[in-house]
Amino acid sequence: MSSLKIIAKHPSICQIDSSTTLRELRQIHAHLLLNGLLTDPHLSGQFVAAIALRNPDNLDYSGRVLDRCEHPTLFGLNSMIRVHSKSPTPQKSFHFYDRILRRGLSPDNYTFSFLVRACAQLLARGVGESVHGALVRHGFESDPHVQSGLINMYAEMGSLESCRRVFGGILDHDVVCQTAMLSTSAKLGDVAFAKKLFDEMPERDTVAWNAMIAGYAQCGEPRQALNLFHEMQLEGVKVNEPSMVPVLSACTQLGVLDQGRWAHAYIEKNRLRMTLTLGTALIDMYAKCGDMDKAMEVFWGMKERNVYTWSSAMNGLAMNGAGKECLELLSLMKKDGVLPNKVTFVSVLRGCSVVGLVEEGCKHFASMTELYGIQPELEHYGCMVDLYGRAGRLNEALKFINDMPVEPHAGAWGALLNASKIHKNMEIGELASRKMLELEAKSHGAYVLLSNIYAENKSWEGVSHVRQVMKSRGVKKLPGCSVVEVDGEVHEFFVGDNSHQMYNEIKVMLGEIFRRLRLSGYMADTNPVLFDIEEEEKENALSLHSEKIATAFGLIRLKKDIPIRIVKNLRICWDCHDFMKMVSRTFDREIVVRDNNRFHHFRGGGCSCRDYW
DNA sequence: GTAGGGTTAG
């Protein structure tokens, strides 16, 4: 009887999942033992693989099962190497490799394929190289999956050179190892080479397409990723769950809600399984496209949630200004028995920061080490500086930086600088920018913030000094750019952009907006030294921040009941923020702006951030 | 009846 049939007769094995308790597992185990089924060499392997793969908590238990098994098969031992290679304890893979050798069994291509992946996790170059030597001696160098593992291993170790050497040494490139090389090149930043490999592949399966789409998404080329996905459909290649993850990630990066919704509909129409990863990507997409309600709907609809799922939802809430809800989710997560990790705490601290919950934030910061044994990293320190600083507690923020056990990074000083700008503190702002520029001399953001602090304090010498320094150091400010999506089409506007085909209509609309806004008392911020407007452009009606132009365009093209959604590459300025609030009331429109920091939802003359910066 | 590709964060 084949092992499959045996398992079919014993559904208890198939029913093992993450909710199966250790006690139940022991019962199943006893049942198998009693019926002499664990002596079935195939079944024992299947059993350990099943329990360990479905829940890493069972790893040690399945190891002990196999230890007690008299004649473990290569299959079973390979399975253990495999599950350990994906676990936090990849070094334990070697225990089972040793058992293979001691039993006089011959390791096969599977053994090495998994073992090499364990080395990649371990990040121990010496060990990896000796495994590489061993697999060559055993004659498995030409196995495509082994090759793929080797390429990934060297990629993990950051050596594109070694990857290329392995790849170059292969005579016949199988699709599997070609895909590994492609994906590796993209991960290490050479997306052009990845595309070259992709184009040269004689046959491309779903995995190869997925890898290339993911490569574009990872390299910050979301448009290319979406284009390639459409090409994939035209070619009639089968689309599966992992295909959609980078597609959603691309929509997230672009902030294009319509296309994100389309991707969601595509998933449902094609009955793709809502796996943990896919669900998490979907939550992240809705959250970062500003539709937090939908993000939470997906979140609550999921069958299971891991730390990624919870963290994504919490991060979304924080970004959208729902700090309280973010903290509520943290307690629900704990109740659910999911342990927060360091990423979770970044979201938690940001959640506290957006609503000014300083004491709460301090409490959670302390709990990281005290309750969860997570060492705070630079990001967390940065969040704390932000938390104190935005609340106006600049001295405490400064003290916090000075008391940091590690050298403060540019981000920490940047947070302090930002807080100094908000609270118009020239003295601390000068200190913070000096420190920040010592670490990142080319940070245009620091110059802009400092210059604006000077301008607001009417220190014109300061302003011109900053400009001089920037010029002498060759630092260029990044041009502001806003994107609006209309009917699935993306429209991009830069500062003072007159290149759009509807330029004339936009100009007329801007005039109309200003006319009506002035009637309701709007005063444009006419501070003559506002940094990001060049003097000579002042006369031009379109020498406005890109989000204003995008708003005018949105008013023209989008129906009244559809919110105008804008994605901006820089932070929104105070004047534009005022402008948006007034447009939302005067024109009775909802406007959602994602800047490079967070979301602002404008409605009825107010903003979701409640002007707390 | 084991192998490749995917998610969170200044």
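In what follows, every chain begins at residue 1, and chains take the letters A, B, ... in the order their sequences are listed.
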**OP:** Give the rounded distance in Å between these two atoms: CZ of A:R350 and C1' of B:dA9.
**Re:** 8 Å
Original post:
A:E379 side chain: which of B:dG4, B:dG6, B:dG10 is closest?
Top reply: B:dG10
Original post:
With a 4.0 Å cut-off on heavy atoms, is A:D284 in touch with a base, just the backbone sugar-phosphate, or nothing at all?
Top reply: sugar-phosphate
Original post:
Nearest-Å distance, NZ (A:K238) to P (B:dG5)?
Top reply: 19 Å
**OP:** Round to the nearest Å and state the distance from A:L77 atom CG to B:dG1 atom P.
**Re:** 21 Å
**OP:** Would you classify A:N109 as touching base, sugar-phosphate or nothing, given that sugar-phosphate means primed atoms plus P, OP1 and OP2, and contacts are heavy atoms under 4.0 Å?
**Re:** base
**OP:** Starting from C1' on B:dG5, measure out to OH on A:Y216 and report it in whole angstrom.
**Re:** 16 Å
Original post:
What integer distance in Å separates A:K187:NZ from B:dG6:P?
Top reply: 4 Å
**OP:** Kindly indicate whether the side chain of A:T275 and the base of B:dG6 share any N or O donor-acceptor pair separated by less than 3.5 Å?
**Re:** yes
**OP:** For A:E377, enumerate each residue passing the salt bridge (charged side-chain N to carboxylate O under 4.0 Å, His left out) test, keeping only those at least two apart in sequence or located in another chain.
**Re:** A:K342
**OP:** Using only heavy-atom distances, decide whether a donor-acceptor pair under 3.5 angstrom links the side-chain of A:N152 to the base of B:dG4.
**Re:** no
**OP:** Report yes or no: is the ring centroid of A:Y110 under 5.5 Å from the six-membered base ring centroid of B:dT2, with the two planes under 30 degrees?
**Re:** yes
Subject >> A:N210 side chain to A:N240 side chain, donor-acceptor N/O pair below 3.5 angstrom >> reply: yes
**OP:** Might you confirm whether atom NZ of A:K196 has over 12 heavy atoms from other residues, nucleotides or ligands at distances under 6.0 Å?
**Re:** no
Subject >> Sub-6.0 Å ring centroid separation between A:H84 and A:F96 >> reply: yes
**OP:** Determine whether the aromatic ring centres of A:Y266 and A:F229 lie less than 6.0 Å apart.
**Re:** yes
Original post:
Rounded to whole angstroms, how far apart are OH on A:Y308 and P on B:dT7?
Top reply: 10 Å
Original post:
If you take atom types as modelled and just measure distance, does the side chain of A:N597 reach the base of B:dG10 with a donor-acceptor pair under 3.5 Å?
Top reply: yes
Original post:
Can you find a side chain N or O atom of A:N315 that sits less than 4.0 Å from OP1 or OP2 on B:dT8?
Top reply: no
Original post:
Could you give the CZ-to-C1' distance, from A:F229 to B:dG5, as a whole number of Å?
Top reply: 14 Å
Original post:
Is the base of B:dG4 touched by the side chain of A:T179 through a donor-acceptor pair closer than 3.5 angstrom?
Top reply: yes
**OP:** From the options B:dG5, B:dT8, B:dT7, select the nucleotide whose nearest atom is closest to the side chain of A:T277.
**Re:** B:dT7
Original post:
Between atom CG in A:N210 and atom C1' in B:dG6, what is the gap in whole Å?
Top reply: 8 Å
